[in-house]
Visitor: 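What follows is a structure written as structure tokens; I'll ask about it next.
We count residues from 1, following the sequence as given.
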Amino acid sequence: MKLIYELLIRLTVLLGIISYLLTVGIAFVKNGFVVGVLSASLPLISNTYWTYALWNEPDKFYQIYVNGQIILFILILLSIALHKLKS
């Protein structure tokens, strides 16, 4: 159980970092410097916003981004649940 928990935490952190960098990059490309800096300073809010804003985009990159955000959310919930079970 401890090994699964540690592996899940590492995977969640890795995907979270990748997600943060992609979100900031998308904000810079789509809306410019000010929105990019704002997205960099408010990671949870900006991830939620950009996931919602890009939900219906037909571009394959944005579809992968949105799916990655959903997977990250599920991993966070699983990490919290395993932490509660571990304690």
Side-chain angles (χ1 to χ4, degrees):
M1 180 77 135
K2 183 178 178 183
L3 180 63
I4 293 172
Y5 175 71
E6 290 176 1
L7 183 63
L8 186 64
I9 290 295
R10 288 187 179 134
L11 184 63
T12 303
V13 168
L14 181 64
L15 186 57
I17 291 169
I18 292 169
S19 170
Y20 171 76
L21 294 174
L22 284 174
T23 300
V24 173
I26 288 170
F28 272 111
V29 169
K30 285 272 217 190
N31 288 12
F33 181 77
V34 174
V35 175
V37 171
L38 189 62
S39 289
S41 63
L42 301 168
L44 294 176
I45 295 169
S46 64
N47 281 15
T48 305
Y49 169 77
W50 285 107
T51 301
Y52 178 75
L54 300 173
W55 188 267
N56 288 324
E57 287 288 325
D59 191 79
K60 192 70 168 172
F61 175 76
Y62 295 137
Q63 291 175 356
I64 292 170
Y65 172 78
V66 169
N67 289 335
Q69 294 298 316
I70 293 168
I71 291 169
L72 178 60
F73 179 70
I74 292 169
L75 285 175
I76 290 170
L77 290 178
L78 283 173
S79 298
I80 292 170
L82 281 179
H83 180 71
K84 294 290 183 184
L85 287 175
K86 187 179 144 202
S87 312

Visitor: Answer yes or no: are there more than 12 heavy-atom neighbours, outside Ile4 itself, under 6.0 Å from its atom CD1?
Guide: no
Visitor: Could you give the distance from CG (Asn56) to CD (Gln63), rounded to the nearest 0.5 Å?
Guide: 10.0 Å
Visitor: Would you say Leu11 and Phe73 are hydrophobically clustered, going by side-chain heavy atoms of ILVMFWY under 4.5 Å?
Guide: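 No, separate clusters.
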Visitor: Nearest heavy-atom pair of Ser39 and Ala27: which atoms, and what distance?
Guide: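 That would be OG-CB, 3.3 Å.
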Visitor: Side chain to side chain contact (heavy atoms under 4.5 Å, CB included) for Leu22 and Trp50? Distances and angles first, verdict last.
Guide: CA-CA 10 Å; Leu22 284 174; Trp50 285 107; over 6 Å; no
Visitor: Does a side-chain heavy-atom distance below 4.5 Å link Leu72 with Tyr20?
Guide: no
Visitor: Side chains of Tyr5 and Leu85, heavy atoms from C-beta outward: is any pair under 4.5 Å?
Guide: no
Visitor: Partners of Thr12 by side-chain hydrogen bond (donor to acceptor under 3.5 Å, both in side chains), sequence neighbours excluded?
Guide: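 With neighbours one apart ignored, the set is Ser79.
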Visitor: Answer whether the closest heavy-atom distance between the side chains of Gln69 and Leu54 falls below 4.5 Å.
Guide: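 Not touching, per the 4.5 Å side-chain cut-off.
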Visitor: For the atom pair CG (Leu3) and CD (Glu6), what is the distance rounded to the nearest 0.5 Å?
Guide: 6.5 Å
Visitor: Can you measure from CG (Leu42) to OH (Tyr49) and round to the nearest 0.5 angstrom?
Guide: 13.0 Å
Visitor: What pairs with Thr23 under side-chain hydrogen bond (donor to acceptor under 3.5 Å, both in side chains), at least two apart in sequence or on another chain?
Guide: Asn47, Tyr65
Visitor: CG of Leu78 to CD1 of Ile9: how many Å apart, nearest 0.5 Å?
Guide: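 Leu78 atom CG to Ile9 atom CD1 measures 10.0 Å (nearest 0.5 Å).
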Visitor: Determine whether Phe28 and Val35 make a side-chain contact, defined as any pair of heavy atoms from C-beta on separated by less than 4.5 Å.
Guide: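 A side-chain contact under 4.5 Å is absent here.
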Visitor: Return the set of residues passing side-chain hydrogen bond (donor to acceptor under 3.5 Å, both in side chains) with Tyr62 (not counting sequence neighbours), or none when no residue passes.
Guide: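 Partners of Tyr62 by the side-chain hydrogen bond (donor to acceptor under 3.5 Å, both in side chains) criterion come out as none, since no residue qualifies.
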Visitor: Is any side-chain heavy atom of Val34 closer than 4.5 Å to a side-chain heavy atom of Leu38?
Guide: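 No - every pair of side-chain heavy atoms lies 4.5 Å or more apart.
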Visitor: Going only through I, L, V, M, F, W and Y residues with side-chain contacts under 4.5 Å, is there a path from Leu75 to Leu14?
Guide: yes
Visitor: How long is the gap from CD1 on Ile76 to CG on Leu8, to the nearest 0.5 Å?
Guide: 10.0 Å
